[in-house]
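A, B, ... follow the sequence lines: proteins, then strands. Residue 1 opens every chain.
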There are 2 protein chains.
Amino acid sequence: MKDGPNIARIAALIGDPARADILTALMADRALTATELAGIAGVTKQTVSAHLAKLVDARLIAVEAQGRHRYFRLAGHDVAQLLEALMGVAFRTGAVRLRSSPREPALRKARVCYDHLAGELAVAAFEAMLMRGWFLARPGELRLTDTGRAELARLGIDVLALDAGRRPACRMCLDWGERRHHLAGAVGAAVLRHVLDTGWARRLPDSRVVAFNPWGERAFREEFLLA
Amino acid sequence: MKDGPNIARIAALIGDPARADILTALMADRALTATELAGIAGVTKQTVSAHLAKLVDARLIAVEAQGRHRYFRLAGHDVAQLLEALMGVAFRTGAVRLRSSPREPALRKARVCYDHLAGELAVAAFEAMLMRGWFLARPGELRLTDTGRAELARLGIDVLALDAGRRPACRMCLDWGERRHHLAGAVGAAVLRHVLDTGWARRLPDSRVVAFNPWGERAFREEFLLA
DNA sequence: TTCATGGTTCGATCGTAATCGAACCATCTC
DNA sequence: GAGATGGTTCGATTACGATCGAACCATGAA
């Protein structure tokens, strides 16, 4: 009974619909002001103020005062991960509301998830790779095939290093926007690194957005989506 | 507002102290009956029955009827992960209660956390490895040193493969029992694999317990804990 | 069959916490 | 200075849900 970290306290904090909306909005990667959050959560300024105070007090979010504005953001990476985990379970259990994509178009298109790529492009790429036999998908397992190994090597990704490791080189990760899977694991991370190294895209500062430039997106689609 | 998976619903479920106790107890890896859980959570049979019904309905836990008993267990691995994430945040934010170790001795000693080793042995091993300079711990980063690379190679762990990968080969993971860190990442996974491959220990079926046999534990301690 | 034990259902009670109106404070602009 | 906007504090209302007593159903044992 009196055992373990006090899970209930912070779970209860996230458990209020208004606060959950606040946190979800904050996960969309921007720092937001109290009034903006009030609008998002659909409550008045007073209520949102009370909620924010509690969240700050529990150190789930952090404040930055700037003039007469107060900008709120998630307190740390672990909170974002926690929310992702919650979304995963919520999705599996069917506790979904409609329209689950992040509103920010850039974020919906391509973003960082842990150390790999997520978003529309990532999902599309993963499914294309599956179609072309780069991976062998069995329930609960994902294996890199010889084809995939060759193709990745052709792109300049050091497959031997990834594949020989004891750790599963590739995994599927549920994309909470698309509600489909994208590629994770060491190979997923390598792909993201490749995208950044080649200059196809860059990470926006203080954001999880991965911004492709026009020719970079074209190249990415050619390599991962087409033929 | 009406966006994304319905986080609030399940967070609220976990947010009740009694239910949090139930889930925490279930994370200790055994299937438990309703009355046992009532005792653990400190409520009457009726209340625990109501709670369990809600948790089952939300598919956070699953039931198995056996005679006149009903055994409850966590519905999936994702729920356990979610709870671990919650514990991590709860710990960071200082929302801890006393006595945080899992009660099951075997589980406290050595268990699986994701794909690597957790528990007393894991924490001790990690700290010993740190002491002996296998890793270089900087805030937010953990790097494998040449020493560590050599030592791991000596044990028959393919370090080149792990290290050359784009993905961070080693990471720290907060052990919710010990409240200290253990080794995660590709190297952490490799160590677990090594422990299992050598026959030092085996995973108990349907459990996260990693059971060392006497000589296996001795070997493990010699390799990872002593000079 | 009778009895004990595991578990559920129903109804009533009771606390807690979310919410808002109204007033208030703080900062910036003009 | 006056006004406007962002944000907080206070108090009162309200609704939801956790809890338990009591009765009930189901299974297994004697």
Side-chain angles (χ1 to χ4, degrees), chain A residues 1-2 6-26 30-73 75 95 97, chain B residues 1-2 6-26 30-73 75 95 97:
Chain A
M1 10 198 154
K2 295 255 185 279
N6 194 345
I7 284 186
R9 174 172 142 75
I10 60 174
L13 277 173
I14 309 178
D16 176 79
R19 283 193 294 260
D21 283 343
I22 291 173
L23 291 169
T24 309
L26 254 32
R30 286 166 36 190
L32 297 171
T33 70
T35 24
E36 285 173 321
L37 289 169
I40 290 171
V43 293
T44 60
K45 292 187 298 181
Q46 313 94 299
T47 14
V48 95
S49 179
H51 286 311
L52 290 171
K54 288 184 185 180
L55 290 173
V56 169
D57 185 59
R59 306 184 56 185
L60 291 183
I61 64 177
V63 217
E64 212 164 339
Q66 232 167 68
R68 61 176 164 183
H69 294 272
R70 302 189 72 198
Y71 285 94
F72 295 89
R73 56 179 174 77
R97 298 188 276 184
Chain B
M1 11 194 155
K2 295 254 185 280
N6 195 347
I7 283 185
R9 175 172 143 73
I10 61 174
L13 278 173
I14 309 177
D16 177 78
R19 283 193 296 258
D21 284 342
I22 291 173
L23 291 169
T24 309
L26 254 32
R30 284 168 37 190
L32 298 171
T33 70
T35 22
E36 285 173 321
L37 289 169
I40 290 172
V43 292
T44 60
K45 291 187 299 180
Q46 313 94 295
T47 8
V48 96
S49 179
H51 285 313
L52 291 171
K54 287 184 186 180
L55 289 172
V56 170
D57 185 60
R59 306 183 57 184
L60 291 183
I61 64 177
V63 217
E64 211 164 338
Q66 230 167 70
R68 61 176 163 182
H69 295 272
R70 303 187 71 197
Y71 287 95
F72 295 87
R73 55 177 175 78
R97 297 188 276 183

- Inter-residue atom distance B:Glu36.CD - B:Phe72.CZ, 0.5 Å rounding: 11.0 Å
- Under 4.0 Å between a side-chain N or O of B:Lys54 and OP1 or OP2 of D:dA18? yes
- Message: Under a 3.5 Å distance rule, please check whether A:Arg19 uses its side chain to pair with a backbone N or O of A:Leu13 as donor and acceptor.
- Response: yes
- Check whether any side-chain N or O of A:Ser49 sits under 4.0 Å from OP1 or OP2 of D:dT8, and answer yes or no. yes
- OP1 or OP2 of D:dC20 under 4.0 Å from side-chain N/O of B:Thr44: yes
- Message: Base, sugar-phosphate or nothing for B:Ala18? Non-hydrogen atoms, less than 4.0 Å.
- Response: sugar-phosphate
- Counting only side-chain N and O atoms of A:His51, is one of them less than 4.0 Å from OP1 or OP2 of C:dA17? no
- Taking NZ from B:Lys45 and C1' from D:dA26, how many angstroms apart are they, rounded to a whole number? 12 Å
- Rounding to a whole Å, what distance do you find between A:Gln46:CD and D:dT14:C1'? 16 Å
- Are B:Thr35 and C:dT5 close enough that a side-chain N or O sits under 4.0 Å from OP1 or OP2? no
- Query: Roughly, in whole Å, what's the span from CZ in B:Arg70 to P in C:dG6?
  - Reply: 15 Å
- Quick one: CG on A:Leu52 to CZ on A:Arg70, what's the gap to the nearest 0.5 Å? 8.5 Å
- Message: Using a heavy-atom cut-off of 4.0 Å across all strands, would you classify B:Val48 as base, sugar-phosphate, or nothing?
- Response: nothing
- From CG (B:Leu23) to NE2 (B:His51), nearest 0.5 Å: 10.5 Å
- Atom CD1 of A:Ile22 to atom P of C:dA18: distance rounded to whole Å? 11 Å
- Rounded to whole angstroms, how far apart are CG on A:Asp16 and C1' on D:dA15? 13 Å
- State which residue, out of B:Leu32, B:Ile22, B:Leu26, B:Val48, fulfils the side chain to side chain contact (heavy atoms under 4.5 Å, CB included) condition with B:Ile40. B:Leu32
- Nucleotide D:dG7, atom C1' - distance to CD1 of A:Ile61 in whole Å: 14 Å
- Query: Rounding to a whole Å, what distance do you find between B:Asp57:CG and C:dT9:P?
  - Reply: 12 Å
- Query: Can you check the B:Leu52 CG to D:dA18 P distance for me, whole Å?
  - Reply: 13 Å
- Phosphate-side-chain proximity, A:Thr33 and D:dG6, N/O vs OP1/OP2 below 4.0 Å: no
